[in-house]
Amino acid sequence: MAAKQTFFVFFTAFSAIIVPALAQLRPDLYDAICPQALPTIRSIVERAIEREPRMGASLLRLHFHDCFVNGCDGSVLLDDTKTFTGEKTAGPNMNSVRGFEVIDEIKDAVNQACLGNIVSCADIVAVAARDSVAMLGGQSYQVLLGRKDSRTASKDAANRNLPSPFSDLSTLLSSFQSKGLTLEDLVALSGAHTIGFAKCAIFRNRAYNETNIDPHFAESLRSMCPPTGGDTVLGPLDESEKKFDTVYYDGLLQQKGLLHSDQELFKGDRSASDGLVRYYSGNSKTFWADFGASMVKMGNLSPPNGSEVEIRMDCRRVNFN
Ligand code: HEM
Ligand SMILES: *[C@@H]1O[C@H](CO)[C@@H](O)[C@H](O)[C@H]1NC(C)=O
Ligand SMILES: *[C@@H]1O[C@H](CO)[C@@H](O)[C@H](O)[C@H]1NC(C)=O
């Protein structure tokens, strides 16, 4: 009994730690301790995208939804428990975020390749997002490493922190600014909508009711998204939804943004936001570079001071203690 208690104390002390102020991420963290980590992640991401091209978009979105809720801490990956309701059933995530099985597959493979629990789930999601961008034709960027995983998750926090596709520009900007991100980051990161899909329920009002939309484009949306029913029918976020290019921005210039929040970035009012959309349209080199820099910024969002963190053994569950 005493031995068992001693074991528990020992295990807890080494498995969970309190986030120190300014824990610094670095690009080379795994180079010496597990050089196979990043190649293992990349090969599984590539295979997953070969199986299903949309998976790249889903993995990229997963990182965004992780980072915007209490920092990039793998909280989005946690299943519900008796003590908390996690983020998976929050409005913006429910029946919408995907890729959990791919993250599980990566975590198992990385634990094996590293002969132990070395790489956090939050780092895996960050690297998988980057590898997805590169795999779909974007430019790779260096991901900083050393994130730790949360020991809890909150549905309410996800509902409060994830931006709504029905918001206007000033609300979107406030959301990003509350994370220390700028208008430039908002416009560059929204370029993630150059890949992937949204559901009819999300773009229906835009297709039927909005006026800042190309009429032929609206007509084509209405033909796939009926006024009622068909909520889960998918529409592509831009006209080349499998390629990480600047066609998303071209579309905004033509009032072909799929989401209300997308078209908010370009309203033809010569605002700063309009200028950034024009700048990225047809300028993929600049877009890729700025996107990578903004991803690094977003990827630096860290859990609040004093949170308990660990490197999770299984991305869906906190470690036993
Ligand atoms: C600016 C605020 C944003 C809003 C309001 C927003 C909202 C949405 C919505 C509603 C969807 C479709 C979900 C569905 O119908 O199931 C979506 C898809 C997506 N979002 Fe965003 N998003 C935003 C920013 C971002 C950012 C910053 C990223 C990544 C850096 C991102 C990456 C994606 C991707 C890749 C998809 C497609 C996912 C897939 O096909 O599985 N979004 N977003
Ligand atoms: C975190 O705590 C440290 C002291 O422990 C403090 O210096 C720092 O300002 C805090 N950071 C935030 C974001 O509260
Ligand atoms: C169009 O807007 C009206 C008024 O806000 C709303 O009642 C209706 O549901 C909207 N139509 C669609 C298809 O979203």
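Values reported hereafter were calculated over all heavy atoms of this structure, with side chains retained and with hydrogens, waters and symmetry mates removed. When a ligand or atom number is given, it counts from 1 through the structure's own listing order.
Closer than 4.0 angstrom to ligand 3 by heavy atom are R204, N205, Y208, N209, sorted by chain and number.
At a heavy-atom cutoff of 4.0 Å, ligand 1 is contacted by no atom of L234, backbone or side chain. With a 4.0 Å cut-off on non-hydrogen atoms, H63 does not touch ligand 1 at all. Counting heavy atoms closer than 4.0 Å to ligand 1, residue S261 contributes side-chain atoms (C-beta onward) but none from N, CA, C or O. Residue contacts with ligand 1 for S164 involve N, CA, C or O but no side-chain atom from C-beta outward (heavy atoms, distance under 4.0 Å).
Within a 6.0 Å sphere centred on CD of Q112, heavy atoms belonging to other residues, nucleotides or ligands number 12 at most.
Close to ligand 1: L186, with a non-hydrogen atom less than 4.0 angstrom away.
When the heavy-atom distances from atom 43 (N) of ligand 1 to H193, M55, H65 are ranked, the shortest goes to H193. The heavy atom nearest to atom 18 (C) of ligand 1, out of those in K199, H260, R61, is found in R61. When the heavy atoms of L173, L169, L237 are ranked by distance to atom 37 (C) of ligand 1, first place goes to L237.
Remark: ligand 1 and N95 share no N or O pair separated by less than 3.5 Å (distance only, no angle test).
Residues K199 and N95 have side chains that never bring a donor and an acceptor to within less than 3.5 angstrom of each other.
For the side-chain hydrogen bond (donor to acceptor under 3.5 Å, both in side chains) with N212, the qualifying choice from K267, R206, Q255, H260 is R206, the only one to do so.
Here the protein heavy atom with the shortest distance to atom 3 (C) of ligand 1 is P163 CG, 4.0 Å.
Side-chain atoms of D274 and S271, non-hydrogen and from C-beta on, do get closer than 4.5 Å to each other.
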